[in-house]
Amino acid sequence: MVRPKSASSKKQKHGVDFKKIKRKIGRKLPPPKNATNTQIRSKAIVLPEQSVASEREGLAVNKKGLTLRELMQQTSHHNAKIRRAALTGIKDVLLKHPSELKLHKLAIIEKLRERICDNDRVVRDMLYHLLKSVIFPSSKEEITAPIISLLMAYIFNAMTHMAVDIRLMAFKFFELVALNYPSSFMLYAEKVLDNYVDILRNNQIYLVEKSKLKNALGGLAHCLYLLSNKSQEDDILNNQNQSIAQQRGLYAYKSEVNEDHAGTASFTGKTKALVPVLINSFLESTSNIRTVDVIDAQSFDCMLCTLQCISLAVKIYKIDKPHASVLNGPDVMQNNMNIYLRKLWETFPVSQLFASPEKDDDKYIILDIKIAEIFLHIVNCVNDTNFLSAKLLGFIESLLLVGKHTRHKRLHIEKHMGFLLPFIPKLLSQVTGYWKSRLLEAFTCSFKECKVDSKLFLAYLSAVEELLLVTSNLGLLTYASSCEDFLGYQIAWMREIPIILLNLGNKHPSSTRVALKLLLRVGQSSIPNSPLGIEYDCLQFPLREFYGIKDHAGSIHYGPFMKLPSDCKELAICCFYYFSSLTSDFLESVTYCCLCDDMESLILLRIVEVVQSAYKSGHVPISEYIGFLVTLVARFRVTPERFLVERKQEKVSNRKTFKSLMGAIFGCLSQMGDKSLVLKLLFKNILSEMLLKLPFNNFGGLLRMIIELDTKLSKLLDEEIADLSKSLSRYLVDAASCISEDPDVAHRFNQIPAIDYYVKPCIILFIGSNSLLTYVLQLLDNFIVEDSIVLPSEFCINYGMEISGRIHAVTYILMFMLKYVILHRSLSRNKAAIEHILLNMEKLLESDKHGRSLEETSKLRSGLDQLKTRIHDLLQIRDTNNLAGA
Amino acid sequence: MEVVIASSPVDAGIACWDLRSGSEQHRYRTCSSAAHGLLSVAGRFLAASQLRDSPSAASAPIFFWSWDKPQVEVRSFPAEPIGPLASNSEGTYIMGGGLSGSIFLWEVASGKLLKKWRAHYRSVTCLTLSSDESLLISGSEDGSVRVWSLMMMFDDIAMSAGSDQFRFSFSEHALRVMDIVSGHGLCNSIVISSSEDRTCKIWSLSEGKLLRSITFPSIIDAIRMDPGEHVFYAGGRDGKIYIAALNAECNPNSAHGMFIIGTLYDQSKAITCLAFSMDGVTLVSGSEDGFVRVWDTRTKHVTRVLKHAKGPINNVLIVRQPLYHTPISANSKHLNLLLPPPLSKYVDSVDGEVKTKTVIMPQRACHDPQDTRFFSSYVMEKQIKELQKRNTSGAAEMEIDKLRLECKRSVQLVLQWKKLYQDLQSLYASELIDGDQMSDS
């Protein structure tokens with residue numbers, strides 16, 4: 001056997017017939033000697049433009065110049081490093097060119113989903129972040145259910161993967177999807193819950209991978225949250241859609257986007273299976289920790305998450321079967337659950353299990369809070385007071401009182417306490433006797449302690465609202481008997497509201513809104529003359545500060561009301577409709593607000609409206625109401641005092657506001673009853689305001705008020721008319737001397753000369769009441785001579801007006817009167833008085849010639865002459881008419 | 001014939017005009033009605049709840065007038081002052097809202113107070129029935145609107161269980177509710193409420209939630225829907241009637257505000273009440289200045305102004321009167337007899353629940369509103385007793401009716417017999433002839 005081999009080798013060695021040409025394969029022939037060396041050598045190649053690169057110019061590329069297509073191919077490369085690089089590249093491209101994502105979203109997701117089951121942890125993490133930060137946020141609406149289902153297929157695949165790592169990561173992916181597309185969640189909920197149960201049953205996990213487990217539990221908590229809030233979620237979605245729906249008709253069909261995909265019925269079974277598993281895992285971890293003695297952060301988080309899941313699961317269970325008894329059911333499953341709940345109950349004050357409770361006190365308390373929440377859920381749904389033992393109630397009480405002793409601790413726990421507060425109203429209705437009063441005391445105490453800027457504040461407010469309204473609802477039926485013990489606490493809560501409002505100031509409008517709503521609800525539901533109603537009335541006093549008060553020095557301090565947004569203001573205004581009688585102090589502070597310069601006209605009108613309807617339903621005494629109306633007209637500051645500014649358009653004038661305010665007040669007056677009687681009631685207030693030397697606008701406003709009520713002044717006494725005439729003639733002189741000073745400037749308001757606007761009300765009054773005119777003419781006569789018009793409350797002080805000025809003013813007034821033909825008859829009746837005035841003027845002009853220049857004298861003289869002739873004409877005509885008539 | 005009826009809070013009587021011609025017909029005296037307190041009970045008679053003489057008075061009456069007499073005919077004195085009134089279309093029941101927040105339910109035919117319940121914290125300001133008359137919707141001074149199922153109000157077991165008696169309670173209004181109207185479409189309809197907080201809110205009766213809230217430039221005291229429910233008309237305190245869209249297209253940046261399409265305006269003072277005519281075009285408004293204005297909603301112009309009195313108007317109704325209701329009616333005596341007894345003050349607890357059961361009489365052929373009667377067994381018993389005594393006019397009348405019917409039936413019977421006889425005769429005759437022919441052949 002050996003020989004042939006050696007023979008063949010010999011043959012090869014000694015070839016005789018053919019000369020062996022030795023050739024090495026792959027080697028080239030040497031170049032011929034005359035060949036030119038074409039090699040180019042340079043230190044660097046600089047290419048201004050490369051053909052391949054230029055092609056890519058229009059395309060979307062990442063930093064490395066790769067297109068999306070190439071990158072996607074690379075994602076399935078067998079080398080993990082290249083896959084990672086590809087994912088970073090995709091992120092880069094998508095960030096640079098968002099349009100790319102829109103165009104190829106299907107292709108991208110189809111390719112990327114394969115990476116969910118990737119063996120490399122880093123790749124999965126990168127994919128997670130890519131989805132989370134780039135793809136989902138930027139295409140929220142475009143990713144539809146079918147696309148989600150593409151993803152879900154792979155996620156489910158990963159959930160049942162052999163490697164624990166991948167499985168846990170899959171839950172994380174699922175959480176991400178559920179977070180971004182809650183509507184799609186319902187379709188898969190059942191299957192996902194199954195998977196959760198599976199993984200939680202696997203005991204090894206919590207020994208090994210605490211942080212991963214925490215992720216998974218977080219996802220579960222989210223899912224359960226979605227399930228439990230399904231109904232609310234729909235409402236929110238509906239509300240969001242409402243703004244769109246409002247554009248359409250009311251009867252339009254609802255969009256089907258918000259339709260439920262499935263009922264919750266099928267989930268109850270799953271959640272029921274979940275609860276024992278979760279409790280088991282909780283118990284397991286507590287027993288683990290007991291050996292370690294100290295809770296480390298991770299295991300604490302895990303436990304917390306577990307408890308959260310349990311409480312959510314219990315909540316879902318409750319929603320589905322509101323009347324079913326969780327604990328006493330005949331079902332084996334329920335018995336099972338019962339046992340587990342008992343086990344959980346035994347662990348309740350978690351700190352008792354550990355040797356050194358001082359160290360991690362907060363952590364234990366937080367766990368306790370969670371457990372308490374679970375049992376409160378159960379108590380809530382089955383109305384079973386078994387668990388309402390001293391253990392639980394005592395814990396809640398101590399929790400409520402925790403802030404009293406140690407403030408810093410409270411801040412830490414606050415976040416978790418928010419979950420317990422919503423149960424308190426229900427709890428208080430279930431507990432009786434000794435514990436009830438203790439809990440009420442504790443709750444009231446902690447409510448008072450609560451800072452307005454804390455996160456718990458709104459929770460407290462809503463609990464208080466529920467408590468107040470629950471009992472007042474009861475009040476409808478059995479009002480006196482049942483809530484005796486409650487009453488004291490209710491009053492304490494109500495008294496807190498004004499303090500809260502003041503503390504809130506204007507920095508937390510949303511909280512203020514809630515507090516005001518609470519105040520309004522309390523007002524609406526307080527029955528007049530009941531203890532609560534009386535207490536509500538008493539709130540007026542502290543509330544004054546909310547609107548505005550005057551201090552001893554006389555300056556006004558505006559409360560937070562003035563700076564709130566207008567919807568809060570409206571709420572605050574509505575509140576005072578429900579006071580059964582508005583006190584004068586309170587009305588005063590409201591009036592300060594009304595007269596503030598910063599007041600918006602809409603709110604001002606609303607205040608007038610609300611006070612009016614309060615008056616109509618008998619909540620405001622008439623004297624207060626009259627005072628309120630007259631004060632508004634008399635004190636409202638019309639900002640450009642004259643009409644001059646109107647032309648320049650520099651400042652915003654509030655003249656329009658004044659006008660609409662007057663309109664509103666006329667409306668109020670007209671509804672008060674017989675007008676001349678109302679005038680009689682109002683007159684004293686009006687007159688006393690008139691004496692205060694008001695600005696023209698306000699005086700004019702008061703006059704208009706009188707005109708609106710009764711131009712004839714029929715019900716007024718003679719003395720009252722005399723008093724009115726004094727103010728009136730002073731006003732006329734002021735107006736004439738002041739406004740006629742500069743006749744060249746066109747004081748105009750709606751094309752009416754300013755003087756017309758101011759004096760016309762007087763003329764209308766003169767037309768209505770003859771005696772008023774007589775008085776005024778007499779006063780003017782005196783004024784010409786004595787330079788004074790004595791107001792009822794004043795001493796005789798000279799006006800300090802030059803004779804020329806006096807003559808000018810009176811001439812002006814008389815001329816103005818003459819312009820109105822309708823007034824002529826009344827004037828002619830007072831012929832003697834007018835002639836006397838003329839005579840006096842004549843005399844004065846004669847007697848005091850040296851005091852002024854010739855020019856001025858002639859001017860006055862000509863005016864006077866003109867007046868004289870006109871009056872003469874008038875009286876002549878009247879006389880002849882009278883003669884003819886006779 | 002449609003007539004416009006208007007009343008006022010000051011004692012100016014109830015005026016009555018023909019809607020088409022504008023001629024004044026009657027003036028019913030001594031009436032100072034509460035807002036929403038004027039009612040025509042199924043077109044049979046007028047009822048108006050009266051305001052108190054003074055704010056301290058403990059009670060105020062409810063008056064009834066028959067169509068043809070200006071004087072008050074029936075006076076009832078309920079336990080507390082009644083504001084709004086409502087009745088069902090057959091006029092079987094009258095609902096009244098009390099000052100303390102209670103709602104009263106009376107049976108008209110007997111005057112019995114069937115039910116009284118605490119509905120609101122403060123006084124009831126308006127009452128209305130849903131289109132199928134199964135739900136009562138009440139608005140109150142405390143700003144709440146509540147929906148009551150009338151049937152459930154008599155469910156004593158549920159009541160004693162202490163659960164909420166109302167079906168829905170809407171508390172979104174901040175101030176007093178001024179008016180409520182309900183739309184068509186059975187219990188799926190919408191309800192519009194207006195309030196002193198300057199908003200009108202539209203609610204869904206089936207879902208029990210707020211559908212839309214419209215803010216107006218002034219307080220809305222009165223609202224009416226147009227029959228097609230495209231728009232609703234809202235009478236404001238500034239004297240304008242705003243037209244707000246329900247199903248109609250609206251301009252989002254309209255001058256008056258969101259959803260407000262336009263206005264009707266005629267220099268009037270505050271609009272206090274509105275009524276829609278059956279023709280679906282004519283709107284009638286009552287104003288604080290004492291005028292009733294008739295509008296054509298197509299042209300948006302006033303077609304007629306009717307003067308009521310000096311004082312403000314707070315109720316306007318349009319009532320369809322049967323044609324024979326001429327001032328001198330032939331059967332006026334008969335009608336007077338029909339005016340019911342006064343409404344009782346308290347719930348009668350002595351005669352038990354057996355007697356408060358209602359019985360629906362079979363309808364007769366002629367569709368006369370006077371004849372559709374729904375009576376409680378109590379009334380029936382009374383009538384039976386009357387019949388037994390056979391001495392009242394009603395009994396005699398019923399007897400005559402019965403005899404007439406019997407006579408008619410007998411005549412019919414006779415005719416039937418006659419026909420049968422004739423048939424038989426012809427049959428036998430033909431058979432005889434046939435037999436003869438057979439035998440002949």
Side-chain angles (χ1 to χ4, degrees), chain A residues 235 238-239 242 245-252 254 469 472-479 516-517 520-530 532-533 567 570-578 580 602 605-606 609-610 612-614 616-619 660 663-664 666-668 670-671 673-674, chain B residues 10 55-56 100-101 117-123 125 140-144 159 162 164-165 169 171 173-176 178 183 185 188 190 195-199 202 204 207 209-214 217-219 229-230 237-239 245-250 252 258-259 269-270 288-289 311-312:
Chain A
D235 278 352
N238 280 342
N239 284 340
Q242 199 150 47
Q246 279 192 343
Q247 299 295 330
R248 285 179 283 142
L250 275 180
Y251 303 95
K254 270 182 216 138
L469 293 181
S472 49
N473 252 342
L474 277 177
L476 276 180
L477 305 168
T478 53
Y479 149 68
L516 282 171
K517 248 180 205 155
L520 183 68
R521 292 302 299 278
V522 171
Q524 284 177 335
S525 58
S526 67
I527 302 160
N529 295 325
S530 67
L532 278 185
D567 58 333
E570 284 225 19
L571 275 178
I573 292 164
C574 293
C575 285
F576 60 71
Y577 174 78
Y578 294 102
S580 68
L602 181 68
L605 294 180
R606 287 292 296 150
E609 266 175 15
V610 172
Q612 180 193 5
S613 37
K616 271 208 286 192
S617 43
H619 300 166
S660 48
F666 291 161
C668 296
S670 71
Q671 288 191 340
D674 183 51
Chain B
V10 297
S56 55
S100 69
W117 70 93
R118 287 297 303 268
H120 292 277
Y121 296 111
R122 285 161 190 254
S123 65
T125 53
S140 158
E141 198 185 337
D142 61 22
S144 60
M159 295 276 267
D164 289 333
Q165 300 158 25
S169 175
S171 52
H173 278 304
L175 289 176
R176 171 204 284 264
M178 298 308 289
N188 267 334
I190 56 166
S195 160
E196 270 184 337
D197 60 9
R198 284 192 172 185
T199 60
I202 304 171
S204 154
E207 292 167 73
K209 65 177 189 188
L210 180 64
L211 294 177
R212 184 181 286 181
S213 174
I214 306 175
S218 90
I219 293 177
E229 293 192 14
H230 293 293
R237 270 203 196 153
D238 54 359
L246 287 175
N247 210 14
E249 281 296 315
C250 56
M258 186 83 175
F259 297 119
K269 281 195 187 171
E288 215 152 60
D289 53 14

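Just so we're on the same page: letters track the sequence lines, and every chain starts at 1. No hydrogens, no waters, no symmetry mates; every other heavy atom, side chains included, goes into these values.
Heavy atoms of A:L602 lying under 4.5 Å from chain B belong exclusively to its side chain.
Listed here is the closest heavy atom pair of A:Y578 and B:E141: OH-O, 3.3 Å. Minimum interatomic distance between A:R606 and B:L175 (heavy atoms only, all atoms of both residues): NH2-CD1, 3.7 Å.
Side-chain N or O atoms of A:R521 include none that pairs as donor or acceptor with a backbone N or O of B:S171 at under 3.5 Å. Judged by distance alone, with hydrogens and angles left aside, the side-chain atoms of A:E609 form no donor-acceptor pair with the main-chain N or O of B:S218 at under 3.5 Å.
For the atom pair A:S670 OG and B:D289 CG, the distance stands at 10.0 Å (nearest 0.5 Å). Note: A:S613 OG to B:M178 CE = 8.0 Å, rounded to the nearest 0.5 Å.
Side chains of A:S617 and B:R122 form no contact here, defined as non-hydrogen atoms less than 4.5 Å apart. Annotation: side chain of A:K616 is not in contact with side chain of B:R176 (no heavy-atom distance under 4.5 Å).
A salt bridge is defined here as a Lys NZ or Arg NE, NH1 or NH2 lying under 4.0 Å from an Asp or Glu carboxylate O, and B:R198 with A:E570 fails to meet this definition.
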